[in-house]
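Note that the coordinates shown come from a computational prediction; the quantities given were computed from them, not determined experimentally.
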Amino acid sequence: MNDRQIHILVVDDEPPLTELLTMAMRLAGWEALPAHDGESAVKQARAVLPDAVVLDWMLPDMDGLQVLQRLRALSPTLPVLMLTAKDEVADRIAGLTAGADDYVTKPFSLEEIIVRMRGLLRRSGAAQAPPDSRLTLGDLVMDQDTHEVWRGGKPVQLTPTEFELLRFLLNNPRRVLSKTQILEHVWGYDFGGNSNVVELYVSYLRRKLGMQLIHTVRGAGYVVKPPR
């Protein structure tokens with residue numbers, strides 16, 4: 001995501017729902033600008049032009065389509081995610097035709113809202129796509145976010161230290177890493193043990209992953225390569 005703060009205008013006339021949406025936006029790392037009616041939403045947008053909007057269809061002073069038109073007058077490319085209890089195809093078409101970029105019917109999950117919003121921000125250029133959290137080498141896959149590892153589609157259980165060692169190796173494919181480099185990165189600069197611990201943990205990984213991935217380079221260290 002870009003270094004500058006992302007602002008999301010959250011417009012809904014139900015205070016509990018607005019509070020939940022606001023909290024979800026902030027947990028996602030964005031600044032939420034709450035509004036409970038159309039007039040305050042437009043006023044908010046004039047004061048701080050948001051990067052995207054979560055907009056309820058039914059508001060007490062004007063409907064969401066009217067608010068959408070006024071927001072579009074401020075910024076023709078402003079991404080808008082419409083919320084509504086209406087699930088008719090005609091209503092969806094009306095919302096999208098009026099300029100909404102996406103459409104979610106109530107009830108919805110907060111996770112869905114965040115996923116949809118991330119998509120809108122990426123497409124608008126307000127936020128960059130997050131880096132892929134997965135590292136792969138042949139049929140070995142590591143998810144750095146969930147700390148899961150698979151080999152040939154089958155899960156592999158690793159200890160935290162085994163995981164960090166494997167991650168360091170996978171982040172440096174085909175590069176020979178010395179025992180000193182591995183000790184400093186995985187165990188820390190102040191590690192007081194000897195280099196035999198590297199050999200020990202490499203043997204643990206080979207036992208769990210097979211012998212074909214981690215290769216010993218005599219007198220130099222270790223290197224990971226995809227199996228031939």
Side-chain angles (χ1 to χ4, degrees), residues 1-134 143-148:
M1 197 171 282
N2 295 329
D3 291 336
R4 73 173 185 81
Q5 183 66 61
I6 299 294
H7 294 85
I8 310 295
L9 178 61
V10 178
V11 189
D12 196 289
D13 65 336
E14 300 177 45
L17 182 54
T18 305
E19 186 176 343
L20 281 173
L21 288 167
T22 298
M23 179 183 67
M25 298 299 156
R26 288 172 179 164
L27 288 174
W30 308 318
E31 181 64 31
L33 308 171
H36 299 292
D37 57 55
E39 286 295 339
S40 59
V42 174
K43 186 180 294 185
Q44 280 267 34
R46 284 177 178 154
V48 178
L49 186 64
D51 295 283
V53 182
V54 179
L55 176 62
D56 189 23
W57 184 300
M58 302 299 292
L59 295 170
D61 55 345
M62 64 180 82
D63 66 35
L65 295 184
Q66 291 175 295
V67 178
L68 177 58
Q69 290 169 355
R70 294 176 67 175
L71 293 175
R72 282 276 182 255
L74 295 174
S75 175
T77 60
L78 180 63
V80 176
L81 173 64
M82 187 76 80
L83 306 180
T84 179
K86 300 182 178 183
D87 196 22
E88 296 295 328
V89 173
D91 294 321
R92 294 191 183 196
I93 293 174
L96 296 172
T97 301
D101 298 279
D102 205 349
Y103 192 110
V104 177
T105 57
K106 299 178 181 180
F108 50 77
S109 69
L110 292 176
E111 291 82 0
E112 179 185 9
I113 296 295
I114 296 302
V115 168
R116 300 280 189 105
M117 185 55 62
R118 283 193 176 122
L120 291 180
L121 290 170
R122 283 199 300 270
R123 292 196 292 274
S124 71
Q128 299 173 355
D132 192 348
S133 67
R134 294 198 171 193
D143 191 314
Q144 299 180 87
D145 289 342
T146 65
H147 279 221
E148 293 175 290

Looking at Gly29, is its backbone amide N or carbonyl O close enough to the side chain of Gln5 to form a donor-acceptor pair, meaning the two atoms are under 3.5 Å apart?
yes

Where the side chain of Ser40 meets the backbone of Ala35, is there a donor-acceptor pair that is under 3.5 Å apart?
no

How long is the gap from CG on Leu20 to CD1 on Ile113, to the nearest 0.5 Å?
11.5 Å

How far does NE2 of His36 sit from CG of Leu17, to the nearest 0.5 angstrom?
10.5 Å

How many angstroms lie between OG1 in Thr105 and CH2 in Trp57, if you round to the nearest 0.5 Å?
12.0 Å

Does the side chain of Met82 reach to within under 4.5 Å of the side chain of Leu68, using non-hydrogen atoms?
yes

Would you check, one step at a time, whether the test side chain to side chain contact (heavy atoms under 4.5 Å, CB included) holds for Leu21 with Phe108?
CA-CA 11 Å; Leu21 288 167; Phe108 50 77; 4.1 Å; yes

From Ile6 CD1 over to Arg118 CZ, what is the distance, rounded to the nearest 0.5 angstrom?
12.0 Å

Under the salt bridge (Lys or Arg N to Asp or Glu O under 4.0 Å) rule, what pairs show up with a residue in residues 37-48, not counting sequence neighbours?
Glu39-Arg70

About how many Å separate CD1 of Ile114 and CG of Leu121, when rounded to the nearest 0.5 Å?
9.5 Å

Quick one, Val11 with Gln44, criterion side chain to side chain contact (heavy atoms under 4.5 Å, CB included). Give me CA distance, side-chain angles, the key distance, then yes/no.
CA-CA 10 Å; Val11 189; Gln44 280 267 34; over 6 Å; no

Hey, mind stepping through Gln144 and Arg134 against side chain to side chain contact (heavy atoms under 4.5 Å, CB included) and telling me if it holds?
CA-CA 6 Å; Gln144 299 180 87; Arg134 294 198 171 193; over 6 Å; no

From Leu78, Ile8, Val80, residue fulfilling side chain to side chain contact (heavy atoms under 4.5 Å, CB included) relative to Pro50:
Leu78

How close do Leu9 and Ala41 get, heavy atom to heavy atom, and via which atoms?
CD2-O, 3.6 Å

Can you name the nearest heavy-atom pair linking Gly64 to Leu55, along with the distance?
O-CD2, 3.3 Å

If we ignore hydrogens and angles and just use 3.5 Å, is the side chain of Asp61 paired with the main-chain N or O of Gly38 as donor and acceptor?
yes

More than 12 heavy atoms of other residues, nucleotides or ligands under 6.0 Å from CD of Glu19: yes or no?
no

Using only atom types and a distance under 3.5 Å, with no angle test, would you say the side chain of Gln66 pairs donor to acceptor with the backbone of Asp63?
yes

Could you tell me the separation between the CG atom of Asp13 and the CG atom of Leu59, rounded to the nearest 0.5 Å?
5.5 Å

Minimum-distance pair of heavy atoms, taken over all atoms of Met117 and Ala52:
SD-CB, 3.4 Å

Do Arg72 and Asp101 meet the salt-bridge criterion of a basic N to acidic O distance under 4.0 Å?
yes

Specify the closest pair of heavy atoms between Ala32 and Met25, including all atoms of both residues, with the distance to one decimal.
CB-CB, 3.9 Å

